[in-house]
Amino acid sequence: MRRPIVVGNWKMHGSRAENARLIEELGGHYPRNPAADCVICPPLVYVQEIGRLLRDTPIRLGAQDVCADTHGAFTGEVSAAMLKDVGCEYTIVGHSERRLLYRESDQLVARKFAAAHSKGLIPILCVGEQLSERDSGRTAEVVSRQLDAVLELCGVETLGQSVVAYEPVWAIGTGRTATPEQAQEVHAAIRARIGARDAKIAGATRILYGGSVKASNAAELFSMADVDGGLIGGASLKADEFLAILKAAG
Ligand code: PEP
């Protein structure tokens with residue numbers, strides 16, 4: 001039985017005052033024994049402070065990205081060990097905004113995944129196709145390629161200790177959500193791809209859906225057999241929406 005998980009990706013939003021308000025609202029209404037894991041990934045500059053604010057809650061802390069290298073002359077970068085040092089337990093790698101806006105290749109994403117895993121962070125590996133790729137029937141090919149880069153560099157065992165997030169690029173921040181059936185089809189394909197290497201690991205790997213998940217569509221998406229929760233952008237910035245999504249996951 002896979003425990004559901006909901007991850008909030010705050011992207012580059014918030015301020016110290018707004019963050020404190022949001023955490024207070026979340027903490028005040030958060031169930032004592034939640035039926036789903038919850039992770040928040042704030043902007044890096046706020047990670048430590050959010051960690052302090054979350055101390056008495058079951059909500060875990062994550063980062064939005066990590067450097068592929070361990071230390072040295074990499075101006076502006078932050079290593080997996082540093083993230084771990086300030087209390088992160090998770091980190092997103094390969095978000096489509098990083099792949100597209102910062103030209104991160106499948107190979108770089110795989111190296112980031114390896115760096116995170118090697119320092120004891122749980123990587124949340126994002127995969128997903130662009131609209132033109134879906135329209136030309138290449139969804140499975142693109143997602144498999146992104147997944148294979150990690151499987152080849154890191155091995156299937158490491159994937160079993162991580163989280164995969166299927167995020168169709170055309171659904172991120174657009175208000176356009178994949179239908180539950182579209183999500184299920186790709187999630188099942190991802191599980192089968194992992195299963196071709198190790199069926200037990202495939203059965204245990206949590207696969208999240210991300211892309212305009214809201215309180216109003218979460219339950220339907222999360223009811224699909226291979227959807228184990230969500231990676232939430234915009235709706236993670238609104239306490240009532242995010243809490244309702246968490247409830248739907250549980
Ligand atoms: C995301 O940033 O990963 C995401 C899914 O965003 P949104 O929920 O806003 O579409």
Any chance you could measure [X], atom [atom1], to [Y], atom [atom2], to the nearest 0.5 Å?
{"X": "Glu181", "Y": "Leu221", "atom1": "CD", "atom2": "CG", "value": "9.0 Å"}
{"X": "Leu61", "Y": "Cys41", "atom1": "CG", "atom2": "SG", "value": "7.5 Å"}
{"X": "Glu129", "Y": "Trp170", "atom1": "CD", "atom2": "CH2", "value": "6.5 Å"}
{"X": "Tyr30", "Y": "Ile23", "atom1": "OH", "atom2": "CD1", "value": "11.0 Å"}
{"X": "Thr205", "Y": "Arg2", "atom1": "OG1", "atom2": "CZ", "value": "8.5 Å"}
{"X": "Ser236", "Y": "Ile245", "atom1": "OG", "atom2": "CD1", "value": "8.0 Å"}

Go through the steps for Leu121 and Cys88 under the test side-chain contact (heavy atoms from CB on, under 4.5 Å), then give the verdict. CA-CA 7 Å; Leu121 290 172; Cys88 287; 4.0 Å; yes
Taking the basic N atoms (NZ, or NE/NH1/NH2) and the acidic carboxylate oxygens, is any pair closer than 4.0 Å for Arg3 and Asp228?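 Salt bridge: no.
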Which atom of [X] lies closest to which atom of [Y], heavy atoms considered:
{"X": "Ala63", "Y": "Leu83", "value": "CB-CD1, 3.6 Å"}
{"X": "Leu22", "Y": "Lys238", "value": "CD1-C, 4.3 Å"}
{"X": "Ile92", "Y": "Cys126", "value": "CG2-SG, 3.7 Å"}
{"X": "Tyr209", "Y": "Pro168", "value": "CE1-CD, 3.6 Å"}
{"X": "Asp148", "Y": "Arg193", "value": "OD2-NH2, 2.5 Å"}
{"X": "Leu153", "Y": "Ala114", "value": "CD2-CB, 4.1 Å"}

Step by step, would you call Trp10 with Ile40 a side-chain contact (heavy atoms from CB on, under 4.5 Å)? CA-CA 8 Å; Trp10 287 5; Ile40 285 178; 3.6 Å; yes
Hey, is the main chain of [Y] close enough, under 3.5 Å, to the side chain of [X] for a donor-acceptor pair?
{"X": "Glu104", "Y": "Gly94", "result": "no"}
{"X": "Tyr46", "Y": "Gln48", "result": "no"}
{"X": "Glu241", "Y": "Ala215", "result": "yes"}
{"X": "Ser212", "Y": "Ala171", "result": "yes"}
{"X": "Gln182", "Y": "Thr179", "result": "yes"}
{"X": "Asp69", "Y": "His71", "result": "no"}

Check: [Y] and [X] side chains under 4.5 Å, non-hydrogen atoms:
{"X": "Phe113", "Y": "Val66", "answer": "no"}
{"X": "Val127", "Y": "Arg99", "answer": "yes"}
{"X": "Leu131", "Y": "Arg176", "answer": "yes"}
{"X": "Val6", "Y": "Lys247", "answer": "no"}
{"X": "Leu125", "Y": "Val163", "answer": "no"}
{"X": "His117", "Y": "Pro123", "answer": "yes"}
{"X": "Arg197", "Y": "Leu151", "answer": "yes"}

Enumerate the ring-ring contact (aromatic ring centres under 6.0 Å, His included) contacts for residues 126-167, please, sequence neighbours excluded, ordered by first and then second residue.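 Output for this query lists Tyr166-His187.
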Is [Y] reachable from [X] through a run of hydrophobic residues whose side-chain heavy atoms are each under 4.5 Å from the next?
{"X": "Leu53", "Y": "Leu243", "value": "yes"}
{"X": "Ile190", "Y": "Ile201", "value": "yes"}
{"X": "Val93", "Y": "Val78", "value": "yes"}
{"X": "Val227", "Y": "Leu147", "value": "yes"}
{"X": "Val39", "Y": "Ile232", "value": "no"}

Take Ile207 and Asp226 through the side-chain contact (heavy atoms from CB on, under 4.5 Å) test and state the conclusion after the steps. CA-CA 7 Å; Ile207 306 176; Asp226 288 294; 5.6 Å; no
Just to verify, what does Arg138 make a side chain to side chain contact (heavy atoms under 4.5 Å, CB included) with, not counting sequence neighbours?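 Residues passing side chain to side chain contact (heavy atoms under 4.5 Å, CB included) with Arg138: Glu133, Ser136, Glu141, Val142.
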If hydrophobic residues (ILVMFWY) are linked whenever their side-chain heavy atoms come closer than 4.5 Å, directly or via other members, who joins Phe74 in its cluster?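 Cluster partners of Phe74: none, it stands alone.
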Would Tyr90 and Ile5 count as a side-chain contact (heavy atoms from CB on, under 4.5 Å) here? Give the steps. CA-CA 12 Å; Tyr90 294 78; Ile5 173 169; 3.9 Å; yes
According to the side-chain hydrogen bond (donor to acceptor under 3.5 Å, both in side chains) rule, which pairs have a member within [range], sequence neighbours left out?
{"range": "residues 54-68", "value": "Arg60-Glu89, Asp65-Arg98, Asp65-Lys112"}
{"range": "residues 213-224", "value": "Thr177-Asn217"}
{"range": "residues 74-87", "value": "none"}

Atom NZ of Lys119: over 12 foreign heavy atoms under 6.0 Å: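 At most 12 heavy atoms, drawn from other residues, nucleotides or ligands, come within 6.0 Å of this atom.
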Is it the case that more than 12 heavy atoms not belonging to Glu24 sit under 6.0 Å from its CD atom?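 Atom CD in Glu24 is not packed in, count stays at 12 or less.
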Test item: side-chain donor near acceptor, Gln146 and Asp106, under 3.5 Å: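 Asp106 and Gln146 do not have a side-chain donor-acceptor pair below 3.5 Å.
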Out of the candidates Ile172, Val213, Leu208, only one should pair with Glu167 under the side chain to side chain contact (heavy atoms under 4.5 Å, CB included) rule; please name it.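 The single option meeting the side chain to side chain contact (heavy atoms under 4.5 Å, CB included) with Glu167 is Ile172.
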